[in-house]
There are 2 protein chains.
Amino acid sequence: MNSKPMSESTEMYLKAIAELDDRNSVAVARLAERLSVTNVSANEMVRRLGEQGLVLHKPYKGVTLTKKGRGVASNVLRRQRLWERFLHDHLKIEWAQVYDYACSLEHATAPEVTEALAVFLGHPEICPRGNPIPAEDGSFEPLDGILLSEVEVGTAVRVLAVNATATDVLKYLQERNILPGRELEIVEAAPMQGPLTLRVEKKEVALGLSLAKFVIVEPI
Amino acid sequence: MNSKPMSESTEMYLKAIAELDDRNSVAVARLAERLSVTNVSANEMVRRLGEQGLVLHKPYKGVTLTKKGRGVASNVLRRQRLWERFLHDHLKIEWAQVYDYACSLEHATAPEVTEALAVFLGHPEICPRGNPIPAEDGSFEPLDGILLSEVEVGTAVRVLAVNATATDVLKYLQERNILPGRELEIVEAAPMQGPLTLRVEKKEVALGLSLAKFVIVEPI
DNA sequence: TGTGATAATAAGGTTAGCCATAACATTTTT
DNA sequence: AAAAATGTTATGGCTAACCTTATTATCACA
């Protein structure tokens, strides 16, 4: 086993790559953006991660997790999402804030605690945001849904997951009832990358395309 | 409110002082010992804490928490001990390991999470090691017991709390059933700072004086 | 094919928290 | 009161992650 403790920073980078990754690679600039660091810092860190064999960086082509890196990332996601469940279901913390609080806890959680937590929670399979919780061995089945931003006008869909992580974005979506499990219909899509108009819970709401990219849905 | 986030290191120092403190002051060397850093490092850190108004350091006389420092320390202890309760009562984690795991979690816990946890746990008053859990405002009533090392031979006592923090020490005590709530009798005290012989749960066990100093008891 | 946008690297700086070694100050013990 | 033990400060060094500014490399498109 090569389970030397990873630094918090390392874990955050690997997790961010896993969260952004569409099974392909992630631009270092996207990474920098999500982690709120400069491009230069992200590049430095990516180099370090590469030296540790956690990622593969092809300059100008993006970063990919190695097998080892993916393992660590799954593990982080598992801890993160188990804590999300606990905070939401048992501590009754507001949906939009759960991600953020869980994020702090995840780095402070030993394997034994993680597994005890999983048992306590009854081995949940998805987190409050709708994402699958990786198993202890890192495996999980990816959601098969499509981005809300790519749905045709007139379609009725059900929200599978919300992939945003910033609390303010989550709050915004929560206020508009765009939450896992809810059903909605695309009423209109404004031209020129304009906002969508959705019918949610009998009300019409407008949603910018960039936010719609955070929402994963399936047709119903 | 002066609640800028304290660094993990700062929290650990303040907590250590609070845990060692007999309402008086703590030698910097004791602090260094408990935190496993060199004396030089501890002195440096104490200087920094002094500059922030968290402690008072009288050279050669020890460190004392200021009002502000004590407030922060109480807060850390509250988080620590609430997590201990959770890990022990709900996650069923072994008594001796709870302190250590809780220690990592405490630094990653926002006030809102702390209070939600307190509610979830039903506002417990003592941690699994027997120590009082400070209230949200930092107040708590100190235990009034005496050190096991100072009890007269022949006395029967009840364990109130175990003040050790190192997992191996806790394991050692756990194996010998020296746990909060247990009753025991001092059978013999070897001369020259020698070990105590105790009767615990009908068995006799020997316990070195330095370990006995971790155990707080009350006569019965 | 050249040009503007984007990505990467180079160079030098900052901070917190640690380390070792050595000198100096004080307290405690003899 | 001197010696031994202990505590403190001074110096100089280290590391991980960040930063800024400037330069260079590559890509993508007109």
Side-chain angles (χ1 to χ4, degrees), chain A residues 4-17 20-21 24-64 69 72-73 76 103-104 106-108 193 210, chain B residues 3-17 20-22 24-65 69 72-73 76 103-104 106-108 192-193 210:
Chain A
K4 318 136 199 171
M6 303 277 162
S7 76
E8 181 164 334
S9 197
T10 298
E11 290 193 343
M12 285 303 282
Y13 274 84
L14 296 177
K15 189 178 78 168
I17 297 169
L20 291 170
D21 190 357
N24 299 306
S25 75
V26 176
V28 177
R30 286 321 110 244
L31 209 48
E33 210 170 72
R34 162 155 320 205
L35 296 168
S36 304
V37 297
T38 61
N39 274 11
V40 175
S41 299
N43 264 289
E44 271 177 11
M45 189 62 181
V46 162
R47 183 181 44 71
R48 269 176 247 138
L49 295 174
E51 283 163 6
Q52 293 174 262
L54 295 165
V55 303
L56 204 90
H57 181 205
K58 291 195 186 169
Y60 304 98
K61 298 293 175 190
V63 215
T64 331
V72 176
V76 179
C103 189
S104 315
E106 91 202 357
H107 307 292
Q193 313 281 43
S210 50
Chain B
S3 53
K4 318 135 200 172
M6 302 277 162
S7 77
E8 181 162 335
S9 197
T10 298
E11 290 192 343
M12 285 303 281
Y13 273 84
L14 296 177
K15 188 178 78 168
I17 297 169
L20 292 169
D21 190 359
D22 341 78
N24 299 307
S25 75
V26 176
V28 176
R30 285 323 109 244
L31 210 48
E33 211 170 72
R34 161 153 323 204
L35 297 168
S36 304
V37 297
T38 62
N39 274 10
V40 175
S41 299
N43 264 289
E44 272 176 9
M45 190 62 181
V46 162
R47 183 181 44 71
R48 270 176 246 136
L49 295 174
E51 283 164 6
Q52 293 175 261
L54 294 164
V55 303
L56 205 89
H57 181 206
K58 290 194 186 170
Y60 303 99
K61 297 296 174 187
V63 216
T64 331
L65 292 171
V72 176
V76 179
C103 190
S104 317
E106 90 201 359
H107 307 291
M192 299 178 63
Q193 312 281 46
S210 50

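Here is the naming used below: chain letters follow the sequence lines, and residue numbers restart at 1 for every chain. Please read all numbers here as calculations on a predicted model, not as lab measurements.
- For the pair B:Glu11/B:Glu8, no side-chain contact is recorded, criterion being any heavy-atom separation below 4.5 Å from C-beta on.
- Shown for residues 30-47 of chain B: residues whose heavy atoms fall under 4.0 angstrom of DNA chain D, namely B:Arg30, B:Val40, B:Asn43.
- Side-chain contact check for B:Met45 versus B:Thr10: some heavy-atom pair is nearer than 4.5 Å.
- Between B:Leu14 and B:Val76, every side-chain heavy-atom pair lies at or beyond the 4.5 Å cut-off.
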Seminar exercise, completed: Given protein heavy atoms under 4.0 Å, the one-letter contact record of nucleotides 24-30 of chain C, with B base, S sugar-phosphate only and - none, is simply -BSS---
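- Using a 4.5 Å heavy-atom threshold, the side chains of A:Val55 and A:Ile17 count as touching.
- The phosphate of C:dG17 has OP1 or OP2 within less than 4.0 Å of a side-chain N or O from B:Arg48.
- The minimum heavy-atom distance linking B:Thr38 with B:Ala32 is given by the pair O-CB, 3.9 Å.
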Problem set entry | B:Glu51 vs B:Arg48, salt bridge (charged side-chain N to carboxylate O under 4.0 Å, His left out): CA-CA, chis, key distance, verdict | CA-CA 5 Å; B:Glu51 283 164 6; B:Arg48 270 176 246 136; over 6 Å; no
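- For the pair A:His57/A:Leu49, no side-chain contact is recorded, criterion being any heavy-atom separation below 4.5 Å from C-beta on.
- Salt bridge B:Arg47/B:Glu44: absent, no basic N to carboxylate O contact under 4.0 Å.
- Taking every heavy atom of residues 50-58 of chain A and every atom of DNA chain D, no pair lies under 4.0 Å.
- Between B:Cys103 and B:Glu106, the closest side-chain pair of non-hydrogen atoms falls below 4.5 Å.
- Looking only at side-chain heavy atoms (C-beta outward), A:Asn39 and A:Val28 stay at 4.5 Å or farther from each other.
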